[in-house]
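Data first, discussion second: the structure below is written as structure tokens.
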Amino acid sequence: MTSKQKSNVAPGGAGEQLKLTLTRTFAAPRELLWAAWTEREHMLHWFCPRDFTVLFADADLRPGGAWRAGMRAPDGSEYIEHGTYREIDAPSRLVFTHAWEKNESEPAGVETLITITFAEPGQGQTLMTFEQVGFATAGSRDGHEQGWGEAFDNLARHATAAQPASDSEILLTRVFDAPRRLVWQAWTEADQIAQWWGPANFSTRVEALDFRPGGRWRYVMIGPDGAEYPAEGTFREIVPFEHIVSTDEFPGDFEHPEVTDLPAGIVATTIFEDIGDKTRITVRIAHPNAEERAKHEAMGVVGGFESMFDCFADHLAGQDPSREGANA
């Protein structure tokens with residue numbers, strides 16, 4: 001996923017309307033970004049700042065129609081926002097009002113106007129320009145800048161996870177009954193990985209885990225018959241508690257007992273979505289082409305991952321929730 005965000009905040013001097021402008025490029029088609037802003041099923045996944053939870057999202061998408069959304073902060077406090085749609089030009093332009101129904105830190109009765117445009121700078125990319133005007137104070141504007149920026153981080157993750165797999169990808173997802181920080185720790189700590197990685201009845205030896213961009217990893221799965229299945233790779237991108245991008249390679253000297261033509265050029269993106277007390281993990285396994293994907297599927301990667309997800313769920317069930325946040 002490639003994304004870029006810029007901020008252009010109007011100074012708000014005499015005679016100027018306080019304005020916030022954010023631009024961001026998403027690795028997703030424009031139609032998906034439009035749906036993310038206008039459909040409840042998408043809004044529930046991202047329409048809040050980092051570590052918040054969306055409680056509800058309702059949208060009557062027509063000029064004059066109302067929208068309303070609620071969210072809960074980590075400390076349990078709740079916020080409700082609402083507005084009215086002014087202009088709808090799918091999938092390129094959306095204009096609506098914004099006001100707070102419940103937010104003790106914001107002035108009551110203030111209505112701002114939000115204009116969002118969606119352009120396509122390239123295939124599979126969307127340039128989103130977000131403008132909000134009419135803030136009562138510079139402090140309110142700055143608070144919205146932070147909140148929307150974090151929400152757009154959520155949107156970027158959701159846009160990646162929501163895209164259907166191409167003919168060269170394998171897409172796997174599962175919701176786990178554990179908070180995201182606990183899930184992240186279990187997925188990234190060597191002592192925990194060794195307890196659950198691999199399909200049922202396999203064990204795993206973690207031989208290397210240099211958990212940083214550019215760092216290498218190497219796990220060796222051991223089957224019930226004692227056969228060893230090594231895999232290794234390089235971490236390309238790590239955003240704590242949010243996503244991991246890594247290559248996934250078979251060592252050159254590895255001889256699979258059943259497969260002679262092993263797939264190559266694999267890149268895996270693992271996304272961790274906070275959905276309240278639960279966590280959705282989405283794994284997108286990208287291959288150079290459909291032929292390499294087919295080789296990977298023939299090895300049983302889908303069934304193996306599904307079995308591994310079962311092992312991971314069992315492992316999480318036995319974890320002490322008091323460990324949550326230890327590595328934050």
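Both backbone and side-chain heavy atoms feed into the values below; hydrogens, waters and symmetry mates do not. Note that the structure is a prediction, hence the values are computed from the model and not measured. Quick note: residue numbers are just sequence positions, from 1.
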Fill in: Members besides Phe52 in its Ile/Leu/Val/Met/Phe/Trp/Tyr cluster (side-chain heavy atoms under 4.5 Å)
Met71, Tyr79, Trp100
Closest contact, heavy atoms only, [X] versus [Y]:
{"X": "Gly198", "Y": "Cys311", "value": "O-SG, 3.7 Å"}
{"X": "Pro213", "Y": "Arg236", "value": "CB-O, 4.0 Å"}
{"X": "Ala156", "Y": "Arg24", "value": "CB-NH2, 3.9 Å"}
{"X": "Ile193", "Y": "Trp187", "value": "CD1-O, 3.4 Å"}
{"X": "Leu20", "Y": "His144", "value": "CD2-C, 4.0 Å"}
{"X": "Trp217", "Y": "Ser246", "value": "NE1-OG, 2.8 Å"}

N/O donor-acceptor pairs under 3.5 Å from side chains in residues 203-211, not counting sequence neighbours:
{"from": "Thr204", "atom 1": "OG1", "to": "Trp197", "atom 2": "O", "distance (Å)": "2.6"}
{"from": "Arg205", "atom 1": "NE", "to": "Glu207", "atom 2": "OE2", "distance (Å)": "3.0"}
{"from": "Arg205", "atom 1": "NH1", "to": "Glu228", "atom 2": "OE2", "distance (Å)": "3.3"}
{"from": "Arg205", "atom 1": "NH2", "to": "Glu207", "atom 2": "OE2", "distance (Å)": "3.0"}
{"from": "Arg205", "atom 1": "NH2", "to": "Glu228", "atom 2": "OE1", "distance (Å)": "3.2"}
{"from": "Glu207", "atom 1": "OE1", "to": "Arg218", "atom 2": "NE", "distance (Å)": "2.6"}
{"from": "Asp210", "atom 1": "OD1", "to": "Arg212", "atom 2": "NE", "distance (Å)": "3.1"}
{"from": "Asp210", "atom 1": "OD2", "to": "Arg212", "atom 2": "NE", "distance (Å)": "2.9"}
{"from": "Asp210", "atom 1": "OD2", "to": "Arg212", "atom 2": "NH2", "distance (Å)": "3.0"}

Item to complete: Identify, with sequence neighbours excluded, every residue that meets ring-ring contact (aromatic ring centres under 6.0 Å, His included) alongside Phe250.
Response: none
Discussion item. Please determine whether the number of non-hydrogen atoms from other residues, nucleotides or ligands lying under 6.0 Å from atom CD of Glu255 exceeds 12.
Written reply: no
When you group the ILVMFWY residues by side-chain heavy-atom contacts below 4.5 Å and let the links chain together, are [Y] and [X] in the same group?
{"X": "Val95", "Y": "Leu33", "result": "no"}
{"X": "Met128", "Y": "Ile88", "result": "yes"}
{"X": "Tyr219", "Y": "Ile244", "result": "yes"}

Does a side-chain N-to-carboxylate-O contact under 4.0 Å join [X] and [Y]?
{"X": "Arg141", "Y": "Glu145", "value": "no"}
{"X": "Glu242", "Y": "Arg157", "value": "yes"}
{"X": "Arg180", "Y": "Asp51", "value": "yes"}

Assign the ring pair [X] / [Y] to parallel, tilted or perpendicular, where the plane angle (0 to 90°) is split at 30° and 60°.
{"X": "Trp37", "Y": "Trp46", "result": "perpendicular"}
{"X": "His296", "Y": "His287", "result": "perpendicular"}
{"X": "Phe152", "Y": "Phe130", "result": "perpendicular"}
{"X": "Trp196", "Y": "His315", "result": "tilted"}

Item to complete: List in chain and number order the residues that pass salt bridge (charged side-chain N to carboxylate O under 4.0 Å, His left out) with Asp89, two or more places apart in sequence or in another chain; answer none if no residue qualifies.
Response: none
Discussion item. Holding to salt bridge (charged side-chain N to carboxylate O under 4.0 Å, His left out), I want the full list of residues that pass it with Arg216, two or more places apart in sequence or in another chain.
Written reply: Glu232, Glu249
Who are the side-chain contact (heavy atoms from CB on, under 4.5 Å) partners of [X], not counting sequence neighbours?
{"X": "Phe56", "result": "Asp58, Arg68, Ile80"}
{"X": "Leu44", "result": "Arg40, Val54, Ala57"}
{"X": "Ala66", "result": "none"}
{"X": "Asn201", "result": "Pro224"}

Could you tabulate the donor-acceptor pairs under 3.5 Å formed by side-chain atoms of residues 168-179, not counting sequence neighbours?
{"from": "Ser168", "atom 1": "OG", "to": "Ser166", "atom 2": "OG", "distance (Å)": "3.1"}
{"from": "Glu169", "atom 1": "OE1", "to": "Ser166", "atom 2": "N", "distance (Å)": "3.3"}
{"from": "Glu169", "atom 1": "OE1", "to": "Arg284", "atom 2": "NH2", "distance (Å)": "2.8"}
{"from": "Thr173", "atom 1": "OG1", "to": "Ile281", "atom 2": "O", "distance (Å)": "3.1"}
{"from": "Thr173", "atom 1": "OG1", "to": "Thr282", "atom 2": "OG1", "distance (Å)": "3.3"}
{"from": "Arg174", "atom 1": "NH1", "to": "Asp310", "atom 2": "OD1", "distance (Å)": "3.1"}
{"from": "Arg174", "atom 1": "NH2", "to": "Glu306", "atom 2": "O", "distance (Å)": "3.2"}
{"from": "Arg174", "atom 1": "NH2", "to": "Glu306", "atom 2": "OE1", "distance (Å)": "3.0"}
{"from": "Arg174", "atom 1": "NH2", "to": "Asp310", "atom 2": "OD1", "distance (Å)": "3.3"}
{"from": "Asp177", "atom 1": "OD1", "to": "Lys278", "atom 2": "NZ", "distance (Å)": "3.1"}

Return a table of donor-acceptor pairs under 3.5 angstrom between the side chains of residues 104-115 and protein atoms on other chains or two or more places apart.
{"from": "Ser105", "atom 1": "OG", "to": "Asn103", "atom 2": "OD1", "distance (Å)": "2.7"}
{"from": "Glu106", "atom 1": "OE1", "to": "Ser140", "atom 2": "OG", "distance (Å)": "2.6"}
{"from": "Glu106", "atom 1": "OE2", "to": "Ser140", "atom 2": "OG", "distance (Å)": "3.3"}
{"from": "Thr112", "atom 1": "OG1", "to": "His98", "atom 2": "O", "distance (Å)": "3.4"}
{"from": "Thr112", "atom 1": "OG1", "to": "Gln132", "atom 2": "NE2", "distance (Å)": "2.9"}

Worksheet entry | Pairwise salt bridge (charged side-chain N to carboxylate O under 4.0 Å, His left out) hits with a residue in residues 192-201, at least two apart | none
